[in-house]
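Read the structure below first, then the notes.
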Amino acid sequence: RAKLKNLKSIVCADVAWPHPVVVQIAVLLSTLGAGLQSLTGAPRLLQAILADEILPILSIFAEDPKLEPRKTLVVTFTIAFLCVMAGNLDIITPVVTMFFLMF
């Protein structure tokens, strides 16, 4: 355990072919892909919730379900941006985890 704490690189990167940087680039691209997937999926989910009138308080963001969810994309981006700007993701992680477990 002490050896793993003192490592300066990803363990898998040490045995990666053709170069250790390949693993680091793959992790970065995977993270960006997951973030973009969440940023495009969440507005559609919010749009469906608003179309079913589950949260009437947010009805000002409701749009035609056949159109692209532009208003809900702005809402989702704003929420995500504020959470990232908060700087302490350890507080936000349990909330996000519960949302993914619910759906």
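A continuous path of hydrophobic side-chain contacts links Ile60 to Val75 [ILVMFWY only; heavy atoms under 4.5 Å].
In the hydrophobic clustering (ILVMFWY side chains linked at under 4.5 Å, chained through shared members), Leu32 is joined by Leu28.
Among all heavy-atom pairs drawn from Gln37 and Thr40, the shortest one is O-OG1, 3.2 Å. Shortest non-hydrogen contact noted between Thr72 and Pro43 is OG1-O, 3.2 Å.
Distance check, rounded to the nearest 0.5 Å: CZ of Phe61 to CG of Leu73 gives 12.5 Å.
Identified under the side chain to side chain donor-acceptor pair (under 3.5 Å) test for residues 89-101, with sequence neighbours left out: none.
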Going by atom type alone, with no hydrogens or angles, which donor-acceptor pairs under 3.5 Å involve a side-chain atom of residues 45-58 and a protein atom two or more places apart or on another chain?
{"residue": "Gln47", "atom": "NE2", "partner": "Asp64", "partner atom": "O", "Å": "3.1"}
{"residue": "Gln47", "atom": "NE2", "partner": "Leu67", "partner atom": "O", "Å": "3.3"}

